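These figures come from a predicted structure and were not determined experimentally. Values reported hereafter were calculated over all heavy atoms of this structure, with side chains retained and with hydrogens, waters and symmetry mates removed. By convention in this document, chain letters (A, B, ...) are assigned in the order of the sequence lines, proteins followed by strands, and residues within each chain are numbered from 1.
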Protein chains: 2
Amino acid sequence: MSDSNRSLASDENQSFMKNQRLRAEDIIETISIDCLVFGLNKGQLEILLVQHGEGIREGYWGLPGGWIRNNEDLDAAAYRLLHDLTGLENVYLEQLKAFGRADRYPGKRVVTVAYYALIRPEHYHLVAGFTASDVRWEILSDCKGLIYDHDEILASGLEHLKNQVCREPVGFNLLPKKFTLLQLQEVYEVILGVKLDKPNFRRKMKKTGLLRPCHEKQENVPHRAAALYSFNKEVVYKQLVL
Amino acid sequence: MSDSNRSLASDENQSFMKNQRLRAEDIIETISIDCLVFGLNKGQLEILLVQHGEGIREGYWGLPGGWIRNNEDLDAAAYRLLHDLTGLENVYLEQLKAFGRADRYPGKRVVTVAYYALIRPEHYHLVAGFTASDVRWEILSDCKGLIYDHDEILASGLEHLKNQVCREPVGFNLLPKKFTLLQLQEVYEVILGVKLDKPNFRRKMKKTGLLRPCHEKQENVPHRAAALYSFNKEVVYKQLVL
DNA sequence: AGGCTTATTGTAATTATGACTACAAGATTT
DNA sequence: AAATCTTGTAGTCATAATTACAATAAGCCT
């Protein structure tokens, strides 16, 4: 972005780019990634936030994100950054969308590509690293005043999540390997923000074939123990009308 | 991308960026836009393509696209480029997703943000302009061998369209203001690639409230004239199961 | 034992769906 | 003018899905 004949795309520029490209660690600082990671804790949706340890937003909280590398696929950059900033590994990330208001980043033009994931917080150990000085889970309703346009990314991701939960079995990511039908129902309720009828929910879920009975029951609960199920990935998901 | 201390984000660099930012016409050449425009002609889906009049892909056909400007919102860039390349105006564009494989563009790192639209071809006059030497509609099934990763963008957009058509009333964009129920059914059939039952389709559509009767009939048709309807934008769209 | 909580099954009215049939309204052909 | 062709539109009906409940089961707790 720095030489003045940029828009000419001259031959020298072209060949310069090619050489530049060989340096794997090079960074463009024009395209960034931000990761919106949803977790479920005590029946509430939470978002994974990091505190910036350097740069123009030092000390402020926002979504984990950073610059893509020159020779790195967009998806790969998302995985790398999420891991380096928060310690999270083996998380399934999906692209949400690109955010590119001209004034979204102060002082220069940056387009960010947002990714999102649903995970179970207790399965992961958070480790702040790279440019992040701290990491924490924040209850969704308290996630306000994030840096840049991260509030907007969050709103967009939540919208997307609500749409997706009825079309793909993403809710299962927020649950333990073995779960009860009520736990599953609560996931749907908290994402969609509605109350569902228990008998009917159970019946619909069973029909999808997504549930594989564990032939086990809850233990140490002060009431009748519920049957445990696990998620059957094999089945093709049919649209779910709740 | 050209100075070697890029990744340091030095102060000089920062302030340089700020000055740079004031030049509205400046271009980054790192982020591009590509527009996937669907049209319907004689019951077939078509895609709007342009022939590159300059650059490394001169003479080849691909989706209309180009560089975003430094001070331009992503959405605005999409509208500008579509207009400048093809002459299309007043088209509703929606972001599809970002495509960012490291090797998707030869010689340098370019991430593209794809937008898509559904329009009625006969409503628009095509004018090749800017970097495009030609524009044309191409039947969907013949859209192969496009430049860069445009085949991939097309496949992704088609997938998205199929999902969207049952959740939002996008099919109406492909029809005239006043249309018959059979025309509407044909839109759904061609997008989804299935045959639908006429009486049942009509019944379901009427229940959505999306149809506003015009109290008019077709004219000059060699058979019983069908009632004409227009699209009622006011109604909240309820999921459509076809 | 009786009460509490949650799990699980059952039922009945209503509505939606899918595959058809039948009829209507024009235009065209005989 | 009648027959016929094409498409539009309405109706039927068996089946399945949805909803809103009621009822029962299985445990823990006091």
Side-chain angles (χ1 to χ4, degrees), chain A residues 42-43 165-167 169 171 175-176 178-190 192-231 235-242, chain B residues 42-43 165-167 169 171 175-176 178-190 192-231 235-242:
Chain A
K42 301 194 194 80
V165 79
C166 289
R167 285 179 298 127
L175 291 171
K178 298 175 180 181
F179 53 85
T180 70
L181 286 169
L182 186 56
Q183 288 177 302
L184 182 61
Q185 181 178 340
E186 281 163 353
V187 169
Y188 278 85
E189 288 181 338
V190 71
L192 296 171
V194 295
K195 282 300 271 180
L196 301 169
D197 180 85
K198 201 156 35 160
N200 294 337
F201 176 82
R202 142 190 309 270
R203 211 182 343 221
K204 282 184 194 172
M205 264 304 162
K206 282 188 165 179
K207 258 199 314 199
T208 63
L210 291 166
L211 301 172
R212 195 201 310 272
C214 298
H215 306 295
E216 288 178 60
K217 292 187 174 241
Q218 280 181 307
E219 282 174 31
N220 302 319
V221 284
H223 54 77
R224 175 176 173 184
L228 293 170
Y229 294 87
S230 64
F231 173 44
V235 82
V236 277
Y237 193 67
K238 217 191 74 186
Q239 172 91 18
L240 195 60
V241 181
L242 300 171
Chain B
K42 301 193 195 81
V165 79
C166 288
R167 284 180 299 129
L175 291 171
K178 299 173 180 181
F179 53 85
T180 70
L181 286 170
L182 186 56
Q183 287 177 302
L184 182 60
Q185 181 177 341
E186 280 163 355
V187 170
Y188 278 85
E189 288 181 338
V190 71
L192 296 171
V194 295
K195 282 299 270 181
L196 300 169
D197 180 85
K198 202 158 30 160
N200 292 338
F201 177 83
R202 142 189 308 270
R203 191 161 23 137
K204 283 184 193 172
M205 263 304 161
K206 283 187 163 179
K207 258 198 316 199
T208 64
L210 291 166
L211 301 173
R212 194 202 310 273
C214 298
H215 307 294
E216 290 178 59
K217 292 188 173 237
Q218 281 180 307
E219 284 173 30
N220 302 318
V221 284
H223 53 76
R224 174 177 174 183
L228 292 170
Y229 295 86
S230 63
F231 172 44
V235 82
V236 276
Y237 194 67
K238 216 191 73 187
Q239 171 90 19
L240 195 60
V241 181
L242 300 171

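- Across R224(A) and Q218(A), no two heavy atoms sit closer than the pair O-OE1, 4.3 Å.
- Within the structure, a side-chain polar atom (N or O) of K206(B) is placed less than 4.0 Å from OP1 or OP2 of dA10(D).
- Each of P199(A) and H223(A) has a nearest nucleotide on DNA chain D; the 5'-most of these lies closest to P199(A).
- Rounded to a whole Å, the CZ atom of R202(A) is 16 Å from the C1' atom of dC21(D).
- Distance NZ (K217(A)) to C1' (dT6(C)): 11 Å, rounded to an integer number of Å.
- Across S230(A) and C214(A), no two heavy atoms sit closer than the pair N-SG, 3.7 Å.
- Put simply, CE on M205(B) is 15 Å from P on dT9(D), counting in whole angstrom units.
- Smallest separation of non-hydrogen atoms from L181(A) and F201(A): O-CE2, 3.8 Å.
- Regarding F201(A), its CZ atom lies at a distance of 17 Å from the C1' atom of dA20(D), rounded to whole Å.
- Residue G43(B) comes nearest to V190(B) through the heavy atom pair O-CG2, 3.3 Å, listed as atom of the first residue, atom of the second, then distance.
- Atom CZ in R224(B) sits about 8 Å away from atom P in dA10(D), given to the nearest Å.
- What separates CG of D197(A) from P of dG10(C) is a distance of 16 Å, to the nearest Å.
- Both A226(B) and P222(A) sit near DNA chain D, but only A226(B) has its closest nucleotide nearer the 5' end.
- dC13(D) atom P lies 16 Å from atom CG of N200(B), rounded to whole Å.
- The distance from atom CZ of R203(B) to atom C1' of dA19(C) is 10 Å, rounded to the nearest whole Å.
- Taking every side-chain heavy atom of K207(B) into account, dA16(C) is the closest of dA16(C), dT8(C), dT19(D).
- Here the closest non-hydrogen pair linking D197(A) and Q185(A) is C-NE2, 4.1 Å.
- The residue L181(A) sits apart from the nucleic acid: no heavy atom pair falls under 4.0 Å.
- Within the structure, every side-chain polar atom (N or O) of K198(A) is placed at least 4.0 Å from both OP1 and OP2 of dT9(C).
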